[in-house]
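Take a look at the following structure, please.
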Amino acid sequence: MITGFWHQVRAVVDRDLLRERRQGDMLWITIPFGAIALLLIPLAIGTDAVLLREIGPGMYWVIVMLFGVLVAVSRASRETLPQQDASALLGLDPAAGFVGRTVSSAIFLLIFEAVVGIVAIGLYDISIIGIGWLALTLLLVAAGLALLGTLTAAIVNSSSAGTALVPLLVAPLSVPLLLGATQTYDGLQGGYGILSWVLLMVAVVLVVAIIGVLTARPLQET
Amino acid sequence: MEPQVRIRRWPWVVIALSLAVAFTLSMISPADSVQGDLVRIMYVHVPSAWLAYTAFFVTFVGSVAYLVTKNLKWDRIAAASAEIGVYFTGLALSLGMIWAKPTWGVWWTWDARLTFTFIMFFVYLGYLALRRTTDDPIARASRSSVLGVLGAIQIPLVHFSVVWWRTLHQPPSLIKPDGPAIQDPLMLTALIIGVIAFTVVYVALMVKRIELIHLDERRLQIEQSIERPVAGEAVTAPELGAT
Amino acid sequence: MSEWGWVAFAYGVAYGSLAVYATSIAIRIRNARKSIGDAE
Amino acid sequence: MSGAPLVELSGVGVRIGSSQILRDVDLEIEAGEVVGLFGANGAGKTTALRLIATLIRPAQGSGTVLGADLSSAERYDVRRRIGMIGHVPGIFPELTLAENLRYAARVAGVSTDRVAGALAAVGLAGAADRPAGAASHGMQRRTEFARELMIDRSLLLLDEPHSALDRDAVDLVEGLIERKAAEGGAVIVVSHDRDRVGAIAHRTVDLVGGTLT
């Protein structure tokens, strides 16, 4: 291979970030929609401050999960066949393409988590303990969802019903991330051990990353 | 041209016989001291749950073997097992709920095993849905085998997460969902024979289901056989006089 | 519902659905064979 | 370059989904050749190009392109030496023309310094910062030609290269084709336009009924 693997990864990440910045879907549609979703919950279940404080973190994570799925869906319909062909003929290593798309998705998700997180803190009066662990959780969830979304998008790629299928595939597989994130927060609040939950999320990230890299080539075969 | 697909009749006989044996044993085994006759639900519930796991494990093995060998035989095994697995998962869930209602008073509890089985059901429902999105056997095999591997490796993680989640919080206030302690040798026999009989049924169903996959492939092959025109011939020279 | 009622319900679901599933495979096999026979 | 043909197909068939697109295709292309490929709408010309570009695998038969077996995994390694300009541009509409080329250069491992020169060579130096989506179809095609100029390709596959191009650009394309052939590469030009392609091609083949005649 003439080009270095990470060199190609960086080229793909820069390309995706630039496309996203120009198109602005994420910034102007996905993030506001996520914030509105947080606003809708109290409207539906009542504005009891104590109750909201209790369910707030959980609601936040559920919304992060569901919107992580949305990012995956948009990812699945993002590259047209001629664009994929052109990249392939530039000698793009399928594994580098996978890693690059994952990294850019993870960056989108981190931005989403940060903005919607601030809205959640404001609306639900959520208290923040253990900021380092929370940051790690946010990072692991973003990475895990980005990996699952990118891999699933690659699996359904080029099938017509594919895009509709992404949520069904991603949602059940992201259960460990959802539980890991909510339980880490609860653990920090209640002062009990969270290490096993963090390790669980790390395991998910590693497993999906390894499968994604190893299957990048077979998935391009059709 | 592939040889004619062989149609076997023995699986139907085997299915009928095994089910008859399992049914008889579960009826003559004694009632439980705590659960009474409700315990008999165990003889169908436990084998179904066992097969749900086994079938998905076979799908995993088939998927890995396909990715390594690129032999479509393995993909057929994975596909057949996934469908049968989804059936048994659905059955295990339904039977679990039917058992829960008279025992615990509710259809559903957030018991770890129930929740986990429910998630697993959706993972493989997605697998089956994915297979329906394309006819091209090689594309379908490589895509679904990656999902077969991803699903199977994620599943232990889903399992641990759900179990930890339930053990850390709100220990089940109802009866422990493990079912009754088995005191009677006849009960144990009925359960073991039930598991064996259902496993035999699974194998027989696999044989028939793989036959069906072969037949479907054969049908597709005939539909696209060399005698048929290639796709491009659908476009012909415009006939100006036709209108 | 009595205990036996629940047991009957469960067994009906289990054996009934097995019969339906096995029959569905049998029917699909018959249809596939028929259409291959038609084509040949 | 050794004497081995750059492209060698024997008895190749391609199936997409449930339809057979190509069957029994035999083709041999030597270094330095320009081959015109003709066919009616839907005859499978685009599929034939994607096959030769190693992007799809033959369902029947066997073939090699630039020495790589079309049925094996090795074919990834030759992709960088194959240029294809398809019917629909393979560029990203949100990026500017220059950004598209910079991405291509970075992935292909050539210096991004070549971008400005390539754009100038296709007469787009003034439009470098225009988003590709806002550029005309002809400008998008020129951008793709600029990409092929930046990267050293042994095999160029052009799908209707004359469509959407003005007189100047056509000269540019024909110059590129001649140069590629002179350098010992090979070019396949797909077209309906027998007169124009006939003039530059060394030989022509017709795709009828999914096979070459």
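Throughout, a chain's letter reflects where its sequence line sits, starting with A, and its residues are numbered from 1. Bear in mind the structure is a predicted one, so any value in this text is a computation, not a measurement.
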Taking every non-hydrogen atom, the tightest pair across D:Tyr103 and A:Leu90: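 Closest approach of D:Tyr103 to A:Leu90: CE2-CD1, 4.3 Å.
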
Note, D:Leu55 side chain near A:Leu89 side chain (heavy atom, < 4.5 Å):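 Yes, at least one pair of side-chain atoms sits under 4.5 Å.
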
Separation between CZ of D:Arg79 and CG of A:Leu92, rounded to the nearest 0.5 Å: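 Between D:Arg79 CZ and A:Leu92 CG, I get 10.0 Å after rounding to 0.5 Å.
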
Whether over 12 other heavy atoms sit under 6.0 Å from D:Arg114 CZ: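 Buried by this count: over 12 neighbours within 6.0 Å.
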
Which atom of D:Glu99 lies closest to which atom of A:Leu18, heavy atoms considered: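 Distance-wise, the nearest heavy atoms are CD-CD2, 3.4 Å.
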
Side-chain (A:Gln83) to main-chain (D:Ile91) donor-acceptor, under 3.5 angstrom: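 It does hold such a pair.
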
Over 12 non-hydrogen atoms of neighbours within 6.0 angstrom of CD1 in A:Ile131: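 Count not over threshold, so no.
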
D:Glu144 versus chain A, the contacting section by heavy-atom distance below 4.5 Å: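 No part of it gets close to chain A.
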
Heavy-atom pair count under 4.5 Å with chain A, highest-scoring of D:Pro93, D:Gly83, D:Gly86, D:Ala104: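 When all of D:Pro93, D:Gly83, D:Gly86, D:Ala104 are compared, D:Ala104 has the most.
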
Chain D contact via A:Arg10 - side chain, backbone, both or neither, heavy atoms under 4.5 Å: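 For A:Arg10, the contact with chain D is made by backbone and side chain together.
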
Heavy-atom contact with chain A under 4.5 Å, split by part of D:Pro131: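 Neither part.
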
Reported CD1-to-CG distance for the pair D:Ile85 and A:Asp85, which is rounded to 0.5 angstrom: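 Reported to 0.5 Å precision, the distance equals 13.0 Å.
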
Closest non-hydrogen atom pair between D:Pro89 and A:Pro82, with its separation: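 Distance-wise, the nearest heavy atoms are O-CB, 3.8 Å.
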
Name of the residue among A:Arg22, A:Arg15, A:Arg19 meeting salt bridge (charged side-chain N to carboxylate O under 4.0 Å, His left out) with D:Glu94: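 Output: one option passes, namely A:Arg19.
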
D:Thr46 versus chain A, the contacting section by heavy-atom distance below 4.5 Å: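 Neither part.
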
Nearest atoms (heavy-atom pairs only) where D:Arg147 meets A:Ala86: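 That closest heavy-atom pairing would be NH1-CB, 3.9 Å.
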
Residues D:Arg102, A:Asp14: salt bridge by 4.0 Å N-O rule: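 No salt bridge links D:Arg102 with A:Asp14.
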
Enclosure of D:His87 NE2 (heavy-atom neighbours >12, cutoff 6.0 Å):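 Open: at most 12 neighbouring heavy atoms sit under 6.0 Å from NE2 of D:His87.
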
